[in-house]
Enquirer: 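Input: one structure, supplied below.
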Amino acid sequence: MRCAPVVLMLAASALALSGCRYGQYSDVDLQASVKALQSIAAEGSLMANDAARGRSMTTFMRTHGQDLSDQAEHEAEKMSDAPLAPGIEKRVAKAISLASDIGSSIDDLRVNPRQRKAAVTAAKDLQSYARQVQQLGGSG
């Protein structure tokens with residue numbers, strides 16, 4: 001059974017020579033992150049609209065806002081940490097920036113959920129971010 005190590009080495013070499021990009025953040029991964037960020041921004045916008053109308057409790061705003069903000073941060077970290085497939089670097093950088101903007105808007109809302117004017121602004125900003133993320137996903 002001395003052939004087994006040789007066979008494994010040949011298989012690994014074949015994968016390396018075939019251009020296998022295992023472990024890289026690909027366009028498919030970016031599309032998944034884009035969908036997640038779009039959903040987070042849309043949900044944050046709904047939450048901000050409720051706050052602007054005085055239809056949401058402070059505890060809910062803070063708790064759910066933290067969850068949404070954490071999700072946006074997680075998507076940004078995931079994109080930042082992975083080695084990127086060639087050709088998606090600019091789109092990933094824009095997605096990371098939008099994830100940060102989304103999280104910041106939600107955090108601002110969370111910190112001061114009773115300020116209705118700020119909630120209106122947050123709702124509009126989050127709707128805009130959702131559109132930008134959607135456009136980013138379509139540019140592949």
Side-chain angles (χ1 to χ4, degrees):
M1 292 295 161
R2 289 183 177 176
C3 292
V6 174
V7 171
L8 288 175
M9 187 186 309
L10 287 174
S13 296
L15 281 174
L17 292 174
S18 71
C20 179
R21 301 204 191 288
Y22 180 76
Q24 287 188 333
Y25 190 85
S26 69
D27 189 59
V28 172
D29 299 317
L30 177 59
Q31 295 301 321
S33 288
V34 160
K35 287 180 183 178
L37 289 171
Q38 188 177 2
S39 175
I40 294 164
E43 192 169 345
S45 178
L46 290 172
M47 190 174 71
N49 278 324
D50 284 347
R53 294 183 178 137
R55 294 183 178 172
S56 196
M57 295 177 59
T58 300
T59 304
F60 172 78
M61 296 290 292
R62 289 195 171 133
T63 303
H64 191 55
Q66 181 69 53
D67 290 341
L68 292 175
S69 179
D70 287 349
Q71 290 172 27
E73 182 180 340
H74 174 72
E75 288 300 324
E77 289 171 350
K78 188 168 53 172
M79 290 183 279
S80 293
D81 292 346
L84 302 178
I88 65 169
E89 295 88 352
K90 288 182 181 179
R91 291 171 53 218
V92 169
K94 180 65 176 172
I96 291 169
S97 177
L98 285 167
S100 178
D101 292 341
I102 291 165
S104 292
S105 288
I106 292 169
D107 285 341
D108 290 346
L109 182 63
R110 246 180 6 95
V111 168
N112 215 345
R114 292 186 183 172
Q115 291 221 322
R116 290 185 179 188
K117 278 188 173 183
V120 169
T121 300
K124 289 178 184 176
D125 290 346
L126 288 162
Q127 288 170 357
S128 173
Y129 298 145
R131 282 190 300 275
Q132 291 176 56
V133 170
Q134 181 180 22
Q135 291 169 354
L136 181 64
S139 64

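Numbers for residues simply follow the sequence, beginning at 1. Note that the coordinates shown come from a computational prediction; the quantities given were computed from them, not determined experimentally.
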Enquirer: Side chains of Asp67 and Gln71: any donor to acceptor distance under 3.5 Å?
Expert: no
Enquirer: Considering non-hydrogen atoms only, spot the tightest contact between Ile96 and Ala76 and give its length.
Expert: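 Result for this residue pair: CG1-O, 4.1 Å.
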Enquirer: For the atom pair CZ (Arg131) and CD (Gln135), what is the distance rounded to the nearest 0.5 Å?
Expert: 8.0 Å
Enquirer: Can you name the residues that form a side chain to side chain contact (heavy atoms under 4.5 Å, CB included) with Thr58, not counting sequence neighbours?
Expert: Arg62, Pro113, Arg114
Enquirer: By side chain to side chain donor-acceptor pair (under 3.5 Å), which residues pair with Thr121, not counting sequence neighbours?
Expert: none
Enquirer: Tabulate below the donor-acceptor pairs under 3.5 Å that side-chain atoms of residues 44-57 make, not counting sequence neighbours, or state none.
Expert:
from, atom 1, to, atom 2, distance (Å)
Ser45, OG, Ala123, O, 3.2
Ser45, OG, Gln127, NE2, 3.3
Asn49, ND2, Ser45, O, 3.3

Enquirer: Would a distance-only check, ignoring hydrogens and angles, find a side-chain to backbone donor-acceptor pair under 3.5 Å from Glu89 to Gly87?
Expert: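 Yes, because the side chain of Glu89 sits within donor-acceptor range (under 3.5 Å) of the backbone of Gly87.
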Enquirer: Given Ser39 and Glu43, is the side chain to side chain donor-acceptor pair (under 3.5 Å) satisfied, shown in steps?
Expert: CA-CA 6 Å; Ser39 175; Glu43 192 169 345; 4.8 Å; no
Enquirer: Excluding sequence neighbours, so at least two apart, what forms side chain to side chain contact (heavy atoms under 4.5 Å, CB included) with Lys124?
Expert: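 Lys124: side chain to side chain contact (heavy atoms under 4.5 Å, CB included) contacts with Val120.
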Enquirer: How many angstroms lie between CG in Asp125 and OG in Ser104, if you round to the nearest 0.5 Å?
Expert: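 OG of Ser104 is found 10.5 Å from CG of Asp125.
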Enquirer: Residues two or more places apart in sequence or in another chain: which of them pass salt bridge (charged side-chain N to carboxylate O under 4.0 Å, His left out) with Lys78?
Expert: Glu75
Enquirer: Considering all heavy atoms of both residues, which atom of Gly65 and which atom of Ile106 are nearest to each other, and what is their separation?
Expert: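 Reported closest heavy-atom pair: O-CG2, 3.2 Å.
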Enquirer: Among all residues two or more places apart in sequence or in another chain, which pass the salt bridge (charged side-chain N to carboxylate O under 4.0 Å, His left out) test with Asp108?
Expert: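 If we apply the salt bridge (charged side-chain N to carboxylate O under 4.0 Å, His left out) test to Asp108, skipping adjacent residues, there are no hits.
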Enquirer: Among residues at least two apart in sequence or on other chains, which ones pass side chain to side chain contact (heavy atoms under 4.5 Å, CB included) with Glu77?
Expert: Glu73, Asp81
Enquirer: Output the distance between atom CG (Leu84) and atom CG (Leu30), rounded to the nearest 0.5 Å.
Expert: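 If I round to the nearest 0.5 Å, the distance is 9.0 Å.
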Enquirer: Which salt bridge (Lys or Arg N to Asp or Glu O under 4.0 Å) pairs, counting each pair once, include a residue from residues 97-107, with sequence neighbours left out?
Expert: Asp107-Arg110
Enquirer: Which residues satisfy the side chain to side chain contact (heavy atoms under 4.5 Å, CB included) test with Thr63, sequence neighbours excluded?
Expert: Thr59
Enquirer: Specify the closest pair of heavy atoms between Ala72 and Ile40, including all atoms of both residues, with the distance to one decimal.
Expert: N-CD1, 3.7 Å
Enquirer: Would a 4.5 Å heavy-atom cut-off, applied to side chains only, mark Leu37 and Met79 as touching?
Expert: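 When only atoms from C-beta onward are counted, Met79 and Leu37 do touch, with a gap below 4.5 Å.
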Enquirer: Restricting to side chain to side chain donor-acceptor pair (under 3.5 Å), what partner residues turn up for Gln38, sequence neighbours left out?
Expert: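 Partners of Gln38 by the side chain to side chain donor-acceptor pair (under 3.5 Å) criterion come out as none, since no residue qualifies.
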Enquirer: Do the side chain of Ser97 and the main chain of Ala93 share a donor and acceptor less than 3.5 angstrom apart?
Expert: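 Side chain of Ser97 to backbone of Ala93, a donor-acceptor pair under 3.5 Å: no, none is there.
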Enquirer: Just jot down the side chain to side chain donor-acceptor pair (under 3.5 Å) partners of Asn112, sequence neighbours excluded, or say none.
Expert: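 With neighbours one apart ignored, the set is empty.
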Enquirer: Is there a side-chain contact (heavy atoms from CB on, under 4.5 Å) between Arg91 and Val34 once you walk through the steps?
Expert: CA-CA 10 Å; Arg91 291 171 53 218; Val34 160; 6.0 Å; no
Enquirer: Tell me every residue that passes side chain to side chain donor-acceptor pair (under 3.5 Å) with Ser26, counting only those two or more places apart in sequence or in another chain.
Expert: Asp29
